[in-house]
Amino acid sequence: MTAHNFVVVTFAESSKAYEALSDIRQAAQAGRISVPAAIIAEREPDGHLHLAEGADARIGDGAFSGGLIGMLIGILGGPLGMLLGWGTGALAGGFVDVERVNRAETAIGEFSSRLPAGTTAIFAEAREYAEEVLDGLVAPLDGVVVRRPAAEVLAELEAAQEAAKAANREATRVMRQERRQERREAWEERVARLKERFHHKD
């Protein structure tokens, strides 16, 4: 029985990530593991994830814009990830109660915590017959494996999308409230000026 997992393998050296992906590709061709999609990405100093270019940096085509990998990378390296506290240098707070999201216990939070600036990682969707296959391939290259069930990652991505909608609604509410406050203050200032003018006439 195979396990459908989402896997992130991190490396301190980018060259080792390429070597590991080549080994994973060969293992997939030999039928030892099934990898529908994988890509190499690097965490930049500003927290964004830079996707590597070239055929040697990915397995599968078209799975990165609308697939699970693309969505996760968008969360981890994009504005929503920053807002929810999953990006490097994240804005703790904002319009979302970040403390409500126990990041240490979420798949996305764990993936993010293993991706400090300067880290290179392989993001992969895999169907594993035995975890030892992938673990054995990357261990000699000092790769650190974090895997979670793909269904769990998908559920968290759906929850993050709902959180983004809620954040947007809250941001809109706050901005409207601030505009109303500004209009009220402007009205009071105009009334005060008018009173002052009448006072000077007396």
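Below, all heavy atoms of this structure are taken into account, side chains as well, without hydrogens, waters or symmetry copies.
When all heavy atoms of A17 and T120 are compared, the closest pair comes out as CB-CG2, 3.6 Å. Closest of all the heavy-atom pairs between P36 and S34 is CD-O, 3.6 Å.
The aromatic ring centroids of F6 and F111 lie less than 6.0 Å from each other.
Atoms CD and CD1, from E128 and I33 in turn, are 4.5 Å apart once rounded to the nearest 0.5 Å. Atom CD1 of I69 sits about 7.5 Å away from atom CD1 of I39, to the nearest 0.5 Å. Atoms CD1 and CD1, on I122 and I59 in that order, are 8.0 Å from each other to the nearest 0.5 Å. The CZ atom of R58 sits 10.5 Å away from the CG atom of L21 when rounded to the nearest 0.5 Å. We find the CG-CD distance between N5 and E125 to be 10.0 Å, quoted to the nearest 0.5 Å. Once rounded to the nearest 0.5 Å, the distance linking CD of E53 with CG of L51 reads 7.5 Å.
In this structure, the side chains of F11 and L141 come closer than 4.5 Å at one or more pairs of heavy atoms. Counting heavy atoms from C-beta on, the side chains of R147 and V145 come closer than 4.5 Å. Side chains of V146 and V7 form no contact here, defined as non-hydrogen atoms less than 4.5 Å apart.
Counting only residues at least two apart or in different chains, side chain to side chain donor-acceptor pair (under 3.5 Å) contacts with residues 9-33 comprise K16-D142.
When atom types are taken as modelled, the side chain of R43 and the backbone of L115 share a donor-acceptor pair closer than 3.5 angstrom.
The side-chain contact (heavy atoms from CB on, under 4.5 Å) test applied to H50 returns E44, not counting sequence neighbours.
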